[in-house]
Structures are given as structure tokens and as C-alpha cells.
Amino acid sequence: MAQPGQFRPPNDEGWMGREITDIKRQIRELSAANVFGLTGIRPKNGGTEFEGYVTINGPATITGTLDLPAGIIGNDALTSPVQIGTASNGVNNYAIGTASTVRASVALTVPAGFTQAVVTANPTAMGQNSTATTDYLYVMAVVQGINGGELYTSAGAGLGVGLAAPFHTTLTGLTGGEEIVISVATRAGFNTWAASTANQANIYATALFLR
């Protein structure tokens, strides 16, 4: 006869099988249930899916690629995603020889944390052809050693001319504190034009710095 408090199985030979069946059912239900369902967290094979709002108080580290739909982050949510640099310079009263020569330059400093720049250079030049024959005035921009290509215009003997040669380029691999040098270069086609106050060269530069 069993003592008080001692385990005593029901008077039913099938009770153990039913208990095991109930335990298996409960395990299946718990395995299928999403205990985080109300929070919008869904465990998935190899990862986790979040729906709704997620608040992170403190630093977060993402070691993989973060893919976001286009347009969901505005500039106001970022820390200065773009910075602008501008500068201009010019000279006059110089002789214009037949070799392309830098006349005026500016330097734009890359801000800390930025690695790219979209540079717009707008060089302009004027010159007076002091020779006795028709000649040509050439002008081009030079951005960090990259020639923007020459444009030219003709000038009759004793006449003055002017033109611009805008150039756009993108620089990558930059570091904060690095200087981007932007210049205007000019030359004559066939003969040297004497120095004159009418001989002018100007460079206007704008850079959009990107992270």
C-alpha cells in the first residue's frame, strides 16, 4: 500500500501514453508559436525580420550590407552629407605665348570625412592679338592635373577676343585636408601676343564634396 505523498499512477494502463502525446503536442505548439509576435519580430531561417518601429538606444554595429529603399532617408537625418567649396582668381596684363600656360589657380580643401568631389571649373580668358595676322586664343581648365580640353576662338590682327571653357569632373579617393587645385590655362595659336591689360584669365570653381 502506497504511503502518503508517494506517487500513485492513475488506475488506467493508457495514462502514460496520453501524457506523452500531450507533451508532444505542447512542444509542437510552442515550437510553432512566435513569442515575439506582438513586437513585430519574426525569427526566420538564417535571420530575423522586424516589422513596425524599432528603437535602438545606444550604438549599433552593422558588419554587412545595409539595403534601404530609395528615398527613405532625407538629408536632415544625416550629418552634413554634402559640403560645398567655391573659389575664384584671376590675372591680367601678361603676354600670351604659344605654349599652354597656367595663368591663375585656386585650391579647395577637402573637408574631414569626405572622399569624393564633383568639381565644376569655369575658366574664362580675353586677349588682344597684337600681331599683324589673324591668330587664335585657346583656353582650358585644369583640375588636379586633369586637362579639361581646349576651346578656341579667332582674333583678327589688332583685335581682342574672349571665351570660356567650362569643365566638369568627379574626383574619388580623396582624404580630408587634401587640396584640389583648379586652374585656367591659355595660349595663342601661332605667335606671342604682347602683354596688355586686355589680356585676362579668370578661374571660377565649385566643388560638391561627398562622403
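Model, not experiment: these values are computed from the prediction.
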Step by step, would you call R103 with I96 a side chain to side chain contact (heavy atoms under 4.5 Å, CB included)?
CA-CA 10 Å; R103 308 298 179 180; I96 304 176; 4.2 Å; yes
Just by modelled atom types, is the S88 backbone N or O under 3.5 Å from a matching donor or acceptor in the N202 side chain?
no
Please find the pair of heavy atoms, one from A121 and one from I203, that lie closest to each other, and give the distance.
CB-CD1, 4.3 Å
For a quick test of reading the model, state the closest non-hydrogen atom pair linking S196 to Q128 and the distance between them.
OG-OE1, 3.7 Å
Of the non-hydrogen atoms in A125 and V139, which two are nearest, and what is the gap between them?
CB-CG2, 3.9 Å
Let's go through N129 and V161 carefully: what are the C-alpha distance in whole Å and the side-chain angles of both, what is the deciding distance for side chain to side chain contact (heavy atoms under 4.5 Å, CB included) to 0.1 Å, and is it a yes or a no?
CA-CA 8 Å; N129 179 7; V161 292; over 6 Å; no
Any residue meeting side chain to side chain donor-acceptor pair (under 3.5 Å) with T120, in chain and number order, not counting sequence neighbours
H168
Might you point out which heavy atoms bring N89 and S105 nearest each other, and give the distance in Å?
ND2-O, 3.0 Å
Rounded to the nearest 0.5 Å, what's the gap from OG on S100 to CD on E150? Could you check?
5.0 Å
Separation between CG (L163) and CG (L137), nearest 0.5 Å, reads 5.5 Å
Mind checking the CZ-CD1 spacing from R25 to I23? Nearest 0.5 Å is all I need.
10.5 Å
L208 CG to T170 OG1 distance, which is reported to the nearest 0.5 Å:
9.5 Å
Between D135 and W193, do the side chains contain an N or O donor and an N or O acceptor separated by less than 3.5 Å?
yes
With hydrophobic residues grouped by side-chain heavy-atom distances under 4.5 Å, do V119 and I146 end up in a single group?
yes
Say whether F167 and F209 are linked into one hydrophobic cluster, either directly or through other cluster members, by side-chain heavy-atom distances under 4.5 angstrom.
yes
Could you check whether any side-chain N or O of Q144 sits under 3.5 Å from a backbone N or O of E179, counting only pairs where one atom can act as donor and the other as acceptor?
yes
Has S130 got a side-chain atom pairing as donor or acceptor with A194's backbone, closer than 3.5 angstrom?
yes
Say whether L151 and V143 are linked into one hydrophobic cluster, either directly or through other cluster members, by side-chain heavy-atom distances under 4.5 angstrom.
yes
Please answer: with hydrophobic residues joined when any side-chain heavy atoms are less than 4.5 Å apart, are V106 and V91 in the same cluster?
yes
Aromatic ring pairing Y152/Y138, orientation class (parallel under 30°, perpendicular over 60°, tilted between)
tilted
Please round to the nearest 0.5 Å and tell me the distance separating atom OG1 of T186 and atom CD of Q200.
11.5 Å
Once rounded to the nearest 0.5 Å, what's the spacing between atom CG of N199 and atom CG of N93?
7.5 Å
By side chain to side chain donor-acceptor pair (under 3.5 Å), T101 pairs with (sequence neighbours left out) none
Whether the side chain of Q116 engages the backbone of R211 through a donor-acceptor N/O pair (distance < 3.5 Å, no angle test) should be reported.
yes
Please report the closest heavy-atom contact between V102 and S183, naming both atoms and the distance.
CG1-CB, 3.6 Å
Do you know the tightest heavy-atom contact between T134 and G156?
OG1-CA, 3.9 Å
Passes side chain to side chain contact (heavy atoms under 4.5 Å, CB included), T124 versus V184? Steps please.
CA-CA 7 Å; T124 63; V184 53; over 6 Å; no
In sequence, state the C-alpha distance, the side-chain angles, and the governing distance for V110 and L171, and then conclude on side chain to side chain contact (heavy atoms under 4.5 Å, CB included).
CA-CA 11 Å; V110 179; L171 303 177; over 6 Å; no
Decide whether I84 and F114 are clustered together by the hydrophobic rule: side chain heavy atoms of Ile, Leu, Val, Met, Phe, Trp, Tyr closer than 4.5 Å, transitively.
no
